[in-house]
Amino acid sequence: MPLCGPISPSCIYACTRFRVRRTTLLPREEYLRIMRMSIPEVVAHLGRQEYGQELADLAHDFSGAQLIEEAVHRNLAQSFRHAMTIAPGDLRTLTGEYLNRWDIANVMAVLRGTVHGIPRQQIRDLLIPAGEIDSALLDRLLGATTCDEILEGLQGWRLYPVLAEYYRICGEQGVFARIENELYRQYYAGLLELGSSGCSGCQELIGYLRFEIDITNMRNLLRLHCAAEACDIAVIDRTMIPGGRIPTGLFRKLYGIETEEEFVTAFLATDIAPVLAQAVRELRQDPNFSSFDAAELIWQRWHHRRRPVHEIEVAVTRVRLHQLEGLSRRHPFSVLPVLAYLERKRYEVANLRAIVRGKAFNLPSERIWQYIVL
Amino acid sequence: MPVDDIKPTRSGLLLVRRRMALAERIHKLLSMKLDGMMLELVKQTDRTARERRELEEKHNRAREMVAVAAMMEGATGVLLAALSVETYPTYTAGYKNVFGVQLPDFEPVMVKKTLDQRGYGILGTSSVIDDAADAYEDLLEAIITSAELEEGVKRLLDDIERTRRRVNALELKIIPELEEARRFIENQRDEMERQEWTRLRRIKKIKAKRAGRL
């Protein structure tokens, strides 16, 4: 099904709306101002902005950082649902597919909560209905008492076949982790498949998705490698998302490498090295940080079986978003402005959450600022 | 042993001497046990203090990691990861014998877990969740170790107190009393011996006088 084939007026209109909506997101100066506020001041400040309604609705149930987190999540869900309504026909299909990741998180929360006998209201508070599965269906799912009932209620969901295939016995050891991994793999496969339908900007979208997949795979490979005991190759196969620029075979090969020279050579051959170098350059304000230095940095973490540095992960996300925005500017009437808006909105919510959570834990402002994606 | 109960006889003296030897041997053994326990206590308290410092460091690190996880994934993300736990961490309780004192020996069970055992999907989470889980697993292990050591120190202190009371009782009461009893019997027996000697001498004199008269 071609998406937004020849650029239609509705597509131009929708893309323009998304670009305009993008300008309504919080600018850098606003974050700097919020950073100087206490949590009650942040609540008051956000209450005067677009989060006012959600804050007012939730004020009797939550307070402090929890109130802000719940309110921004609710606002995010509303914004995404609104985005779905203004996206025309085929663009909506792709937006829906893209927002499926929220559905995966919600479905897994409902399944796990049901198995562990968590109170319904507590699970409800954890859900962010920002995907295709709306609040009404989520409430129906929460009313179910067994996993079979939940599965029955999800029969219309686009990822239901994966759920049905991998679901064996509810509560079986490790089954939810396997289902979750497989749902995300299928999520990316679906997006790539939809992207290959030849819409305007789809080639760039596929490029961007493949890049995101590579980064996710590399990050997860580092996580697997830093575990105390070596994992099975089958685990790597189950965990790596296919479809990236870097074939999953290379990740398997990387996992077995234990010499610096071999690792650095293999890592430099990937597209991640220059992006990582750029991210570290921006993070450390060091213009001389090269791809080779980036490979060395990863080797050091790899060799000592340590996980990626969080600040660098955030810096890579910044670079990724800048790339997406660059692409959306080059292809203004395509799916890219929609995704750029959705991603920016997602990170606006993540930034606000990071600030208030950081303040709640009394972390210094400089530390909090490192986790802000601008 | 009250002095009134003691018969100033040879068997009484032997009994007191036997008791005295036993009390001295017990005193020596208990003193040695006390010294050993004191050394063990010093070792244990050093280790406990070190573990407690580590526990505090691990607690701070765990708080920091969960703060970072809450910042990056939100409290929702952290709670969702926590919901994934399939096997709850626990410990087995045993005992080890140190100088006759039963010290606790706790063994953590399913505290340190692999990524697979934690129950959350790798693709749905990020490394901050791993770090927070690692930090809390380390903290739990440190809590179990600290609990074991602190309980051990408490039991050791109780036993040291009890042993010290016994040593003091032996040293300051039982042994001096037995010593006094032994002295009393010996004095009594000496007195009896002198009386006997005087009596015999007197009889001898009387017999000699009678023989002279005849």
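Note that the coordinates shown come from a computational prediction; the quantities given were computed from them, not determined experimentally. Each chain gets a letter, A, B and so on, in the order the sequences are listed, and its residues count up from 1.
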* To do: Tell me, for A:Val356 versus chain B, whether the close heavy atoms (under 4.5 Å) come from the side chain, the backbone, both or neither.
  => neither

* To do: Check whether A:Val349 gets within reach of chain B through its side chain, its backbone, both or neither, counting any heavy atom under 4.5 Å.
  => neither

* Donor-acceptor pair between B:Ser127 and A:Glu313 side chains, under 3.5 angstrom -> yes

* Pair A:Tyr371-A:Glu311, side-chain donor/acceptor within less than 3.5 Å -> yes

* Heavy-atom proximity to chain B below 4.5 Å, by part of A:Gln66 -> side chain

* **When B:Glu73, B:Arg63, B:Arg118 are compared by non-hydrogen pairs under 4.5 Å with chain A, the top option** => B:Glu73

* Contact leader toward chain B among A:Glu70, A:Arg112, A:Arg219, where contacts are heavy-atom pairs under 4.5 Å -> A:Arg112

* Is a salt bridge present between A:Glu212 and A:Arg320, judged by a nitrogen-to-oxygen distance below 4.0 Å? -> yes

* Asked: Which answer fits A:Ala109, side chain, backbone, both or neither, if we ask what part of it has an atom under 4.5 Å from a heavy atom of chain B?
  -> both

* Tell me, for A:Arg185 versus chain B, whether the close heavy atoms (under 4.5 Å) come from the side chain, the backbone, both or neither. => both

* Asked: Do A:Gln121 and A:Asp125 have a side chain donor and acceptor closer than 3.5 Å?
  -> yes

* Asked: Which atoms of A:Ile368 come close to chain B, meaning under 4.5 Å heavy atom to heavy atom: side chain ones, backbone ones, both, or neither?
  -> both

* Asked: Taking A:Arg353 for the side chain and B:Met72 for the main chain, is one N or O donor matched with an acceptor at less than 3.5 Å?
  -> yes

* To do: Please flag which part of B:Asp134 lies under 4.5 Å from any non-hydrogen atom of chain A: side chain, backbone, both or neither.
  => side chain

* **Modelled atom types, side-chain donor and acceptor of B:Gln117 and B:Thr87, under 3.5 Å** => no

* chain A contacts, top residue of B:Val68, B:Leu80, B:Val66, B:Leu79 (heavy-atom pairs, under 4.5 Å) -> B:Val68

* Asked: Is the closest basic N to carboxylate O distance between B:Arg183 and B:Glu180 below 4.0 Å?
  -> no

* Quick one: what part of A:Leu363 sits under 4.5 Å from any heavy atom of chain B, side chain, backbone, both or neither? -> side chain

* Does any heavy atom of chain B fall under 4.5 Å from the side chain of A:Arg223, the backbone, both, or neither of them? -> both

* Asked: Any idea how A:Tyr98 and A:Tyr187 line up, ring-wise: parallel (<30°), tilted (30 to 60°), or perpendicular (>60°)?
  -> tilted

